[in-house]
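Basis for what follows: all heavy atoms, side chains included, without hydrogens, waters or symmetry-related copies. Whatever order the structure lists ligands and atoms in, that order sets their numbers, starting from 1. These numbers come from a predicted model, not from an experiment.
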Amino acid sequence: MRSSHKLGLLTVLGVLAAGALSAGAVGLVLPAPVANGDFRDGGAPNPAEVELGRALFFDKVLSGNQNISCATCHHPAEATGDGLSVPVGEGATGLGPDRNTGAQSNAIYERVPRNAPALFNLGAAEFRVMFHDGRVEADPSFPSGFRSPAGDALPHGLKSALAAQAMFPVTSMAEMAGQPPENEIAIAAEAKDLPKVWAILEDRLRAIPGYAQMFEAAYGLKPEEIRFADAANAIAAFEAAAFRSDGSAFDRRLRGEAGAMSDSAERGMALFYGEAGCSGCHSGAFQTDHEFHAIAMPQIGPGKGDGASGREDYGRERVTGDAEDRYRFRTPSLRNVALTAPYGHAGAYATMEGVVRHHMDPVDGLYACDGTEAVLPSRADLDSVDFAVLKDPELLAAIASANELSAWLAGEDEVADILAFLNALTDPAVLEARGTAPETVPSGLPVID
Ligand code: HEC
Ligand code: HEC
């Protein structure tokens, strides 16, 4: 039997009915405003480290075939995502929804199984768990300070979970490494020899004069001393600085600016942090408890290889090995959520309204999802597996029965207010963040697809 953690409106009503609280007496408890002290760098990033990280983040030199960078899937012009349900990795060309599936020998082998999340505010110290299933996590009981798929092979000296995360995309064949025998990184990646992948990349970076100079400026390192962990720390410093995003109307409201939010957004915020129960999971100033919940989110794309079909994604269970955690995924932060479509861990919902309505009746939402909202460049063989889970009644029933989110019984006005609040989480600076991209990178490879 799985334990039940029903959260949401019904819980709140239950508490009210029990007389523990009365609606009038409940003062709305809002999070404290975001402050410099919430960030690991205290709001004062090291400029040389950030510049190095910026170059690395946009440089295709970190991929096996030198054809994709971190920015391809996390582009500032796409609100640090890629605008697709699930990404099209190395081999393809183009950015955002215009990305293709690659041609001839570069045709992609498979899509990447999960939606590329936005990267806002990950420099805040409370973000200690990375990925939809939390497989990279700060944990002092490990020698490196982090639990991760690399186990003891993860190098020491990584400064944060965000830096530890940056060790991994380069080791993924579909994302950045490529298919063997295309290149030596792909061969090492297939053999799961992660230290070899990192060593090859270290050699590449050491040989590029522009990087030698930047590693010297950021960390005082000679070329032969450069390690991939240093590159990961710099990438994290860039992500933390460039994608800090606390200038929304909601932030101004928390800082005490009268009239910062519309009346509708005010009502939506009261619902969100109050009777709608959203903050039971989407808690705090960044709207996440950093925990894992099963909310019957539809699964599309190739899957993570779970289940008899291999098309499923067991989510948190993949990390803990505990069947209780099946279909649980991390509560996403909702900063700039209006800009980060598609939604859900596999991007099954094209609109913010759609995914909010999913929360109103998760099981109905799951069964109503037919995949037509997917944003994916079409290719017949890829398409044929993308909707396997949605077409399988047994798998749908399993996802439905794992659901732990109570239906949120709201009227149309309340939905509109919640959406107004979610729109108030947009930081206007994000819309101008295209300037984050450098014009050139030290490898000399093209920055734009
Ligand atoms: C092909 C697309 C692709 C590329 C290239 C890529 N990513 Fe990602 N990124 C993803 C996907 C998909 C996920 C979610 C994977 C998961 O949860 O299993 C992700 C997750 C992340 C996360 C975790 C965010 C969170 O909230 O948990 C960070 C940080 C990140 N990527 C940074 C990077 C960096 C840095 C690089 C380059 C070294 C990079 N990514 C390259 C697609 C990509
Ligand atoms: C039981 C915990 C829980 C509650 C309560 C909850 N959510 Fe969620 N929410 C989640 C989880 C977990 C996800 C991601 C699920 C997945 O991808 O499988 C999510 C996803 C979302 C997303 C999509 C974000 C994205 O980037 O894909 C939005 C928007 C959202 N929730 C809004 C709300 C609102 C509004 C409420 C209140 C009406 C609410 N949530 C209540 C757990 C919860």
What atoms of ligand 1 come within less than 4.0 Å of a heavy atom belonging to Gly89? 1 (C)

Short check: any N/O/S atom of His74 below 2.8 Å from atom 8 (Fe) of ligand 1? yes

Please report the C-alpha distance between Asp82 and Thr72 in whole Å, then the side-chain angles of each, then the deciding distance to 0.1 Å, and finally whether the side-chain contact (heavy atoms from CB on, under 4.5 Å) criterion is met. CA-CA 7 Å; Asp82 63 357; Thr72 307; over 6 Å; no

His345 heavy atoms, cut-off 4.0 Å: which ligand 2 atoms fall inside? 16 (C), 17 (O), 18 (O)

Is Arg135 salt-bridged to Asp133, cutoff N-O under 4.0 Å? yes

Give a rough value, rounded to 10 degrees, for the angle at atom 8 (Fe) of ligand 2 between atoms NE2 of His282 and NE2 of His359. 170°

Could you tell me which non-hydrogen atom of Phe120 sits nearest to which non-hydrogen atom of Ser245, and how far apart they are? CD2-CB, 3.9 Å

Which segment of Asp82 sits under 4.0 Å of ligand 1 when only heavy atoms are counted: neither

Ligand 2 contact on Phe329 by region, counting heavy-atom pairs under 4.0 Å: both

Are any N, O or S atoms from Cys278 nearer to atom 8 (Fe) of ligand 2 than 2.8 Å? no

With atoms numbered from 1 as shown, which atoms in ligand 1 lie under 4.0 angstrom from a non-hydrogen atom of Arg135? 16 (C), 17 (O), 18 (O)

Hey, what do you get for CG (Asp313) to CZ (Arg318), rounding to the nearest 0.5 Å? 6.5 Å

Backbone, side chain, both or neither: what part of Met297 comes under 4.0 angstrom of ligand 2, heavy atoms only? side chain

Where is the nearest protein heavy atom to atom 16 (C) of ligand 1: which residue, which atom, and how far? Phe131 CD2, 3.4 Å

What is the closest protein heavy atom to atom 25 (C) of ligand 1, and at what distance does it sit? Arg330 NH2, 3.4 Å

Taking 4.0 angstrom as the limit and counting only heavy atoms of Ile235, give me the atoms of ligand 1 inside it, by number and element. 35 (C)

Mind checking whether Asn115 has a heavy atom under 4.0 Å from ligand 1? yes

Would you check the N or O atoms of Tyr343, main chain and side chain alike, for any that come under 3.5 Å of an N or O of ligand 2? no

Say whether Leu62 and ligand 1 are in contact under the criterion: heavy-atom distance to a ligand atom below 4.0 Å. no

Closer than 4.0 angstrom: is that true for some heavy atom of Pro113 and an atom of ligand 1? no

Under a heavy-atom criterion of less than 4.0 Å, does Glu239 contact ligand 1? yes

Check step by step if side chain to side chain donor-acceptor pair (under 3.5 Å) holds for Ser264 and Asp417. CA-CA 5 Å; Ser264 176; Asp417 289 342; 2.7 Å; yes

Regarding ligand 2, does Gly344 bring an N or O atom to under 3.5 Å of one of the ligand's N or O atoms? yes

